[in-house]
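For reference, the structure is listed below as structure tokens.
Below, chains carry the letters A, B, ... as their sequence lines are ordered, and counting in each starts from 1.
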There are 2 protein chains.
Amino acid sequence: MKTKDTAPKEGTISRNPFPNSKKIYVQGDIHPNIQVAMREIALSDTKDAMTGKLTPNESVTVYDTSGPYTDPNKDIDIHKGINPIRKQWILDRNDVEELNQFTSTYSNERLNDPTLDHMRFSLLKKPLRAKEGKNVTQLHYAKQGIITPEMEYIAIRENQRIDKITEISKQHKGEHFGASIPSKITAEFVRSEVARGRAVIPSNINHPEAEPMILGRNFLVKINANIGNSAVTSSIEEEVEKAVWACRWGADNIMDLSTGENIHETREWIIRNSPVPVGTVPIYQALEKVNGVAEDLTWEIFRDTLIEQAEQGVDYFTIHAGVLLRYVPMTAKRVTGIVSRGGSIMAKWCLAHHKENFLYTHFEDICAILKQYDVAFSLGDGLRPGSVADANDDAQFAELETLGELTKIARKQDVQCFIEGPGHVPMHMIKENMEKQIEVCDEAPFYTLGPLTTDIAPGYDHITSGIGAAMIGWYGCAMLCYVTPKEHLGLPNKDDVRTGVVTYKLAAHAANLAKGHPGSQHRDNALSKARFEFRWEDQFNLGLDPELAREYHDETLPADGAKIAHFCSMCGPKFCSMKISQEVRNFAAENDIIDDEVVQKGMEEKSKEFKEKGSEVYL
Amino acid sequence: MKTKDTAPKEGTISRNPFPNSKKIYVQGDIHPNIQVAMREIALSDTKDAMTGKLTPNESVTVYDTSGPYTDPNKDIDIHKGINPIRKQWILDRNDVEELNQFTSTYSNERLNDPTLDHMRFSLLKKPLRAKEGKNVTQLHYAKQGIITPEMEYIAIRENQRIDKITEISKQHKGEHFGASIPSKITAEFVRSEVARGRAVIPSNINHPEAEPMILGRNFLVKINANIGNSAVTSSIEEEVEKAVWACRWGADNIMDLSTGENIHETREWIIRNSPVPVGTVPIYQALEKVNGVAEDLTWEIFRDTLIEQAEQGVDYFTIHAGVLLRYVPMTAKRVTGIVSRGGSIMAKWCLAHHKENFLYTHFEDICAILKQYDVAFSLGDGLRPGSVADANDDAQFAELETLGELTKIARKQDVQCFIEGPGHVPMHMIKENMEKQIEVCDEAPFYTLGPLTTDIAPGYDHITSGIGAAMIGWYGCAMLCYVTPKEHLGLPNKDDVRTGVVTYKLAAHAANLAKGHPGSQHRDNALSKARFEFRWEDQFNLGLDPELAREYHDETLPADGAKIAHFCSMCGPKFCSMKISQEVRNFAAENDIIDDEVVQKGMEEKSKEFKEKGSEVYL
């Protein structure tokens with residue numbers, strides 16, 4: 001890490017690139033000012049076990065969410081924020097204006113409070129907002145047939161350079177449950193999916209630092225990591241590092257779920273330094289503003305909070321507008337009632353006032369705000385089930401119907417919109433969730449928390465939920481909200497975040513394979529080939545967590561020599577199955593085997609040869 | 001742990017019972033000498049948040065694999081072995097004889113070698129074998145309509161006292177893909193499933209210490225944990241502890257995959273102290289006997305090994321009899337060739353001799369041995385895919401066809417038989433594995449390794465495979481072989497074994513829920529109710545790993561007071577969704593709400609009440 005006067009203490013922010021990896025940038029075609037960041041993993045040569053001949057292995061290019069932090073050529077100073085790559089694209093559209101000051105009363109109060117100076121991000125920019133009468137959402141552009149730089153960026157990014165892949169084995173075609181994934185993603189395809197409302201690009205004009213990414217069932221499955229401070233305040237550097245750390249391991253997107261003091265200032269630091277879109281649940285902050293008394297929440301306070309956060313650059317808001325007064329009693333006989341924080345806040349508000357949820361009654365007003373900044377809706381599932389006993393019940397599905405209704409309103413105003421889903425759902429009830437959501441919400445992207453497939457494993461809920469997440473991703477879910485091992489028990493630490501993110505990354509990848517995303521299996525094939533050829537370093541480096549893989553390997557065979565050994569600690573040299581099958585294969589290659597008859601003939605010769613050579617293969 | 005003169009050093013063997021749990025024994029009805037061990041978890045009372053009224057919660061009884069080790073009333077001395085509960089049942093059948101000496105040449109050689117005295121299990125019993133002309137398999141008894149004590153034990157065990165459950169919520173009916181799970185398991189049902197070949201009870205007459213358990217798709221999904229020493233020898237106590245440890249966390253069954261020196265002696269210690277069935281892969285030991293030179297393997301050496309292990313008490317053998325000479329070339333163009341150790345040994349043998357696999361040609365001879373001891377076949381999948389690229393290919397399915405053919409031969413001789421399956425399989429190709437196996441092997445139980453749903457996460461393969469395991473369990477797989485985080489990288493340590501076992505236990509449970517096993521959801525419901533009511537201790541104790549859950553909780557809120565707090569570290573008191581929904585619920589209960597109209601009315605009153613009380617709920 002580069003040390004500067006204003007930088008936080010050395011080592012706070014994770015910067016080291018992944019082993020044998022380099023950052024590459026792929027230029028746009030329609031928009032030549034686009035530079036799409038990817039990670040290229042270099043591989044070592046394959047050494048033929050018999051002849052010693054070396055054959056090079058092509059490098060593998062992978063989707064990269066880690067941002068500039070893993071590029072040693074980029075200067076990083078969290079006090080300045082990262083490069084706002086989208087800034088010029090936004091300005092070029094000529095439909096935004098720079099405001100002289102923040103619109104939110106609260107923002108201005110905080111800005112003018114000198115006691116907060118020490119914790120303020122120092123390079124505050126003036127906020128952007130749509131010019132009078134303009135709508136600056138990607139949905140709005142898409143509907144008009146405009147391919148934005150964001151859309152082209154995404155098309156290039158999603159393809160992961162599959163055009164450069166020489167497949168090393170046949171590709172398994174997946175089962176995609178009605179998704180329509182093209183063999184190559186084009187910018188026009190991205191546009192059409194956004195226009196259709198089937199995909200969302202979270203991209204607030206005030207968060208130009210984020211690298212564009214897309215949510216939709218015809219695209220790669222994405223994952224979200226929740227971060228955020230709590231009562232036990234962590235430092236601002238630590239908060240930024242949490243975000244950077246989550247992105248490093250693969251978070252496509254983060255949610256800042258901070259509660260407590262100074263969340264306004266913390267959020268600014270996170271957004272200015274986040275290379276991925278940032279979501280929030282604005283009702284949390286609104287509740288802080290009324291000292292935790294849900295009944296005291298008002299539309300005005302909430303509205304000011306939306307604008308405050310929109311002008312900071314939050315890319316999407318979780319809005320619990322589907323928790324209607326009449327649905328609240330449906331939760332009375334549940335095993336676990338209401339488990340969503342936002343849902344319970346709104347339920348309490350409805351109950352106390354005996355009025356309809358003000359998020360529902362003001363939904364059009366919210367749309368009017370969001371389209372000025374291109375903040376997307378993440379319609380919250382406040383009545384999601386908190387136990388398998390409550391899965392797919394009336395309360396859950398009643399709310400989903402309302403979310404479908406709200407989706408239509410958002411779309412009419414050209415506001416991007418996706419839908420949150422459960423929760424705790426046993427395996428056999430997961431598909432119904434996806435199918436119903438597609439139907440009721442007219443294919444708006446689905447974004448689920450897990451789901452957890454059993455309640456009985458606290459401490460292992462990243463796994464109980466990873467199972468459900470992989471399955472619903474396969475069925476068509478666009479984004480999976482991670483769950484860490486601490487779920488239900490406590491706050492995740494850095495290790496938990498890493499475990500949660502990698503678990504969800506592998507679940508998302510398993511879903512991509514099952515959906516048959518073009519090129520997805522390439523990384524599996526390359527890793528398995530490396531494994532088969534005992535290229536240990538390549539096996540580690542192609543994995544989602546090279547450091548952990550290496551660490552585990554070194555526990556039993558720590559010597560450097562072991563990493564080029566043609567066997568491993570599990571079976572030892574005498575029992576190595578890889579060794580013998582490599583021989584079968586070499587033999588086939590040497591004899592140019594094309595059908596079984598030839599094989600059979602060749603085998604007879606091989607049989608002799610083997611007997612002559614004795615046990616040499618077990619060297 | 002009780003310390004005795006001959007006992008290993010204090011603390012080696014894990015003995016402490018699970019928190020708030022006691023061992024109970026349920027008596028048999030047909031066979032009153034049966035005492036089925038279960039674990040009963042006592043729960044604390046529910047305290048009404050408003051009235052303070054206490055309501056007791058019924059204890060929860062769970063399936064228990066931990067054996068006598070968790071019963072403080074039992075003496076444990078690994079030098080004596082655990083109580084042979086099945087011994088009298090076996091003798092009562094009057095069809096076995098006690099041999100004066102071991103039948104295996106190798107066994108006798110080892111026995112007569114004084115240099116091995118120090119490591120020998122001292123209380124060697126004389127082996128049992130079927131009397132001349134008798135068949136002592138559970139399948140043989142079942143076909144004759146005999147309900148053995150083993151069968152009744154299993155019926156009682158599988159039911160987990162569901163007759164005593166007062167359901168606290170509706171039970172979700174699962175989707176079971178053609179399985180036919182009764183609402184209550186009877187001993188007659190067990191018998192009929194065994195007779196049909198659709199279920200297997202691994203139960204060697206020389207392993208009377210094992211508590212009977214069943215494999216079959218109409219029963220609870222079981223899990224296997226692999227243990228075994230390797231080149232880096234561990235002590236005998238450590239090996240026994242590995243087995244005890246795996247059972248403690250939920251292994252229904254263990255496989256001793258030892259290679260290297262003294263595996264004969266080690267195995268004796270493990271079996272004498274194992275409360276669950278033990279499986280092996282005899283070809284590993286046979287290979288040791290020919291110094292690792294596969295070509296030197298002979299039927300005679302293998303035969304002697306089978307008898308050696310059968311007379312020690314191994315409950316099932318993995319036999320790679322489906323690796324036929326003509327299938328070997330089919331693996332030539334695979335990404336990862338042959339990855340099964342046993343498969344590659346046999347492939348090499350076939351190749352070297354250009355002869356058909358001797359396990360195949362001698363299959364009837366093997367049956368003749370196995371039925372004398374009731375050792376079950378676990379027909380090995382030597383050609384299973386080692387990467388997603390190789391999943392469901394010709395080699396794999398060709399071998400499966402042969403395993404189906406062998407299943408029929410085994411059944412004709414009344415030898416119990418189940419089938420091993422993959423491996424690495426992407427999600428969308430898992431179901432085909434299960435369906436094909438059911439069809440080809442006439443519903444013989446399936447026993448799979450994972451399957452791993454992606455290759456790209458070394459270090460997390462307990463999770464990549466836990467996903468596939470849960471799914472195939474749901475589709476009908478009878479037993480899931482665990483995978484630890486060290487898979488592909490190194491040898492699992494004790495922590496890895498625990499992680500692997502608990503991961504697979506939760507995957508199996510998720511499958512049981514999805515299949516709709518009666519009573520399975522009871523534990524989920526009880527845990528979720530405890531969670532909702534902030535009965536922290538109960539939440540921990542009902543989980544699969546109470547210690548870890550407690551440890552995670554205490555990391556953020558260590559004070560004992562926190563465990564009775566009505567909120568937790570994640571949201572803090574202001575954001576507690578559980579709190580508000582508890583109020584909604586209390587209100588409903590107080591007002592005896594039965595339909596929505598009443599609710600609506602009641603809510604109006606509640607609204608007033610709430611406003612009067614102000615923010616009290618956030619205390």
Non-hydrogen atoms of chain B under 4.5 Å away: do they reach the side chain of [X], the backbone, both or neither?
X         : answer
Met429(A) : side chain
Leu527(A) : side chain
His176(A) : neither
Ala469(A) : neither
Asp394(A) : neither
Gln539(A) : both
Asn493(A) : side chain

Can you tell me how far the [atom1] atom of [X] sits from the [atom2] atom of [Y], to the nearest 0.5 Å?
X         : Y         : atom1 : atom2 : answer
Asp455(B) : Arg531(A) : CG    : CZ    : 6.0 Å
Leu513(B) : Thr454(A) : CG    : OG1   : 5.0 Å
His428(B) : Phe177(A) : NE2   : CZ    : 10.5 Å
His488(B) : Phe540(A) : NE2   : CZ    : 12.5 Å
Thr499(B) : Ile463(A) : OG1   : CD1   : 7.5 Å
Ser387(A) : Asn525(B) : OG    : CG    : 7.0 Å

Pairwise side-chain contact, Leu489(B) with Glu555(A), heavy-atom cut-off 4.5 Å (strictly under):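 A side-chain contact under 4.5 Å is absent here.
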Check: His462(A) and Tyr460(B) side chains under 4.5 Å, non-hydrogen atoms: no
As an exercise: rank [options] by heavy-atom pairs under 4.5 Å with chain B and give me the winner.
options                                    : result
Pro485(A), Pro492(A), Gly343(A)            : Pro485(A)
Ala470(A), Ala511(A), Gly342(A)            : Ala470(A)
Leu544(A), Thr453(A), Ile467(A), Ile456(A) : Ile456(A)
Arg523(A), His424(A), Glu551(A)            : Arg523(A)
Leu548(A), Leu506(A), Thr503(A)            : Leu506(A)

Engaged part of Pro546(B) at the chain A interface, taking heavy atoms whose separation is under 4.5 Å: neither
Which atom of Met427(B) lies closest to which atom of Ala514(A), heavy atoms considered: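 Scanning both residues, the minimum pair turns out to be CB-CB, 3.8 Å.
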If you count heavy-atom pairs under 4.5 Å with chain A, which of [options] comes out on top?
options                                    : result
Gly382(B), Gly174(B), Ala457(B)            : Gly174(B)
Lys505(B), Met471(B), Glu175(B)            : Met471(B)
Ala507(B), Pro426(B), Pro458(B), Gly466(B) : Pro458(B)
Gly516(B), Gly468(B), Gly459(B)            : Gly459(B)

